[in-house]
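Worth saying up front: this structure is predicted, and the values here are computed from it rather than measured.
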Amino acid sequence: MILSLDQGTTSSRAIIFSADGLPIASAQEEFKQLFPKPGWVEHDATEIWQTQLKVAREAISKAGLTGSQIKAIGITNQRETVVVWDRTTGEPVGNAIVWQDRRTSDFCRDLKKDGHTNTIQEITGLVIDPYFSGTKLRWLIQNRPGVGERVKNGELAFGTIDSWLIWNLTGGQSHITDATNASRTQLCAINEVVWSKDMLELFEIPSDVLPNIVPSSGVVAESASEIFGKPIPIAGVAGDQHAALFGQACH
């Protein structure tokens, strides 16, 4: 059996699939949408993890299984949403900034005005827009109290939702992101699949805060034994739109 985690914008879902791809059991739970200011959209990252873990365990139970019967875990997630957390405690530094959030619109306008449009698109494959993670991370570093200094000191970790789930699933042992999620940060040089020094310099983001980029398919980590009763390989990770495209056999 395979445990699939689908962490979306409004809910966390888990599905158990059989070896031949048939859904055996599922569970889903919604979580709060936070709108602190016009154009701002946030999530409680702790609530995201708690609901995702709850539905995963519920789906396993509904299927009449134990952790020892799960062959692998696959993860798909809402893309571009940004979480920053403490490397020691695992506690988020404030709410996650959601992909819909528009608070970095002014900075994006400045980037266009200063002539960065073509360079950014050549390196990252993306247009300049607040949608992507890079400007959100820059905003957190520059505007959330204490974050900038703590990032410089190596105390904090950044990740999109896949990274946040994997960090928690592995008990803080793995700080990684897959290639599809990395490609939506506007910090990744997509032809080389590495973090772009030019983008990090432009957005004033230290490289140490970023996760390692890993392939979307293949074993990339292992869950901590206390999560499901035994370690389970995490063997597939992809942002939701990428996963849907692949699921439709657009290879």
Side-chain angles (χ1 to χ4, degrees), residues 8-9 35-43 76-84 93-144 147-148 151-152 156-164 175-216 237-246 248 250-251:
T9 305
F35 307 98
K37 292 183 181 181
W40 291 28
V41 188
E42 297 182 354
H43 289 158
T76 187
N77 58 280
Q78 56 166 309
R79 306 173 306 165
E80 297 95 15
T81 296
V82 169
V83 185
V84 175
V93 182
N95 289 329
I97 300 180
V98 181
W99 57 270
Q100 300 155 304
D101 191 281
R102 306 300 292 177
R103 74 186 66 183
T104 63
S105 294
D106 289 344
F107 176 64
C108 288
R109 278 195 292 270
D110 289 342
L111 288 173
K112 293 176 184 177
K113 188 171 63 178
D114 293 340
H116 295 292
T117 300
N118 290 339
T119 299
I120 289 176
Q121 191 157 15
E122 286 171 6
I123 293 173
T124 70
L126 304 174
V127 298
I128 298 173
D129 194 274
Y131 186 62
F132 306 111
S133 310
T135 62
K136 294 175 169 62
L137 176 55
R138 178 185 181 275
W139 187 93
L140 285 172
I141 290 172
Q142 298 197 356
N143 293 278
R144 193 161 280 174
V147 170
V151 165
K152 289 179 184 176
L156 303 181
F158 151 80
T160 43
I161 294 299
D162 59 312
S163 299
W164 172 239
H175 184 206
I176 58 178
T177 189
D178 92 294
T180 69
N181 281 287
S183 76
R184 302 297 288 179
T185 61
Q186 205 150 55
L187 302 174
C188 179
I190 59 168
N191 291 320
E192 294 82 27
V193 198
V194 296
W195 300 120
S196 165
K197 293 180 180 178
D198 291 334
M199 292 299 98
L200 296 181
E201 183 177 335
L202 182 62
F203 291 168
E204 302 174 87
I205 295 172
S207 60
D208 292 347
V209 76
L210 302 174
N212 292 323
I213 302 173
V214 299
S216 304
V237 185
D240 53 9
Q241 299 289 348
H242 293 81
L245 190 69
F246 191 81
Q248 295 298 324
C250 299
H251 303 152

Could you list the residues that satisfy salt bridge (Lys or Arg N to Asp or Glu O under 4.0 Å) with Asp101, not counting sequence neighbours?
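Only Arg103 meet the salt bridge (Lys or Arg N to Asp or Glu O under 4.0 Å) criterion with Asp101.
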
Sequence-distant partners of Lys37, salt bridge (Lys or Arg N to Asp or Glu O under 4.0 Å), two or more places apart
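Applying salt bridge (Lys or Arg N to Asp or Glu O under 4.0 Å) to Lys37 gives none.
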
With sequence neighbours excluded, residues passing ring-ring contact (aromatic ring centres under 6.0 Å, His included) with His242:
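Result, ring-ring contact (aromatic ring centres under 6.0 Å, His included) vs His242: none returned.
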
Any residue meeting side chain to side chain donor-acceptor pair (under 3.5 Å) with [X], in chain and number order, not counting sequence neighbours:
{"X": "Thr104", "answer": "Thr135"}
{"X": "Asp106", "answer": "Arg109"}
{"X": "Asn143", "answer": "none"}
{"X": "Ser133", "answer": "none"}

So which atom in [X] and which in [Y] form the shortest heavy-atom distance, rounded to 0.1 Å?
{"X": "Arg184", "Y": "Leu126", "result": "NH1-CD2, 3.6 Å"}
{"X": "Ile128", "Y": "Lys112", "result": "O-CE, 3.4 Å"}
{"X": "Gln78", "Y": "Gly8", "result": "NE2-O, 3.2 Å"}

Inter- and intrachain pairs under salt bridge (Lys or Arg N to Asp or Glu O under 4.0 Å), touching residues 114-125, at least two apart
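Every pair satisfying salt bridge (Lys or Arg N to Asp or Glu O under 4.0 Å) with a residue in residues 114-125: there are none.
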
According to the salt bridge (Lys or Arg N to Asp or Glu O under 4.0 Å) rule, which pairs have a member within residues 237-246, sequence neighbours left out?
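The answer is Arg79-Asp240.
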
Which side-chain N or O atoms in residues 188-210 pair as donor and acceptor under 3.5 Å with protein atoms at least two apart or in another chain?
unit_1	atom_1	unit_2	atom_2	d
Trp195	NE1	Pro211	O	2.8
Ser196	OG	Asp198	N	3.3
Ser196	OG	Met199	N	3.1
Glu204	OE2	Gln142	NE2	3.2

Is any side-chain heavy atom of [Y] closer than 4.5 Å to one of [X]?
{"X": "Thr180", "Y": "Gln241", "result": "no"}
{"X": "Val151", "Y": "Val147", "result": "yes"}
{"X": "Thr160", "Y": "Glu80", "result": "no"}

Looking at Phe107, I'd like to know if its CZ atom is crowded, meaning that more than 12 non-hydrogen atoms belonging to other residues, nucleotides or ligands lie closer than 6.0 Å.
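Counting neighbours around CZ of Phe107, more than 12 heavy atoms of other residues, nucleotides or ligands fall under 6.0 Å, so yes.
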
Criterion side chain to side chain contact (heavy atoms under 4.5 Å, CB included) against Leu140, the qualifying member of Val84, Val93, Leu156:
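Going through Val84, Val93, Leu156 one by one, the side chain to side chain contact (heavy atoms under 4.5 Å, CB included) with Leu140 is satisfied by Val84 alone.
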
Among all residues two or more places apart in sequence or in another chain, which pass the side-chain contact (heavy atoms from CB on, under 4.5 Å) test with Thr119?
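Applying side-chain contact (heavy atoms from CB on, under 4.5 Å) to Thr119 gives Ile123.
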
Give a yes or no on whether a salt bridge exists between Arg102 and Asp129, defined as a side-chain N under 4.0 angstrom from a carboxylate O.
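Answer for the salt bridge query: yes.
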
Any pair with a residue in residues 108-143 that passes ring pair (Phe, Tyr, Trp, His ring centres under 6.0 Å), sequence neighbours left out, goes on the list, sorted by first then second residue, please.
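Every pair satisfying ring pair (Phe, Tyr, Trp, His ring centres under 6.0 Å) with a residue in residues 108-143: Trp40-Trp139, Trp99-Tyr131.
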
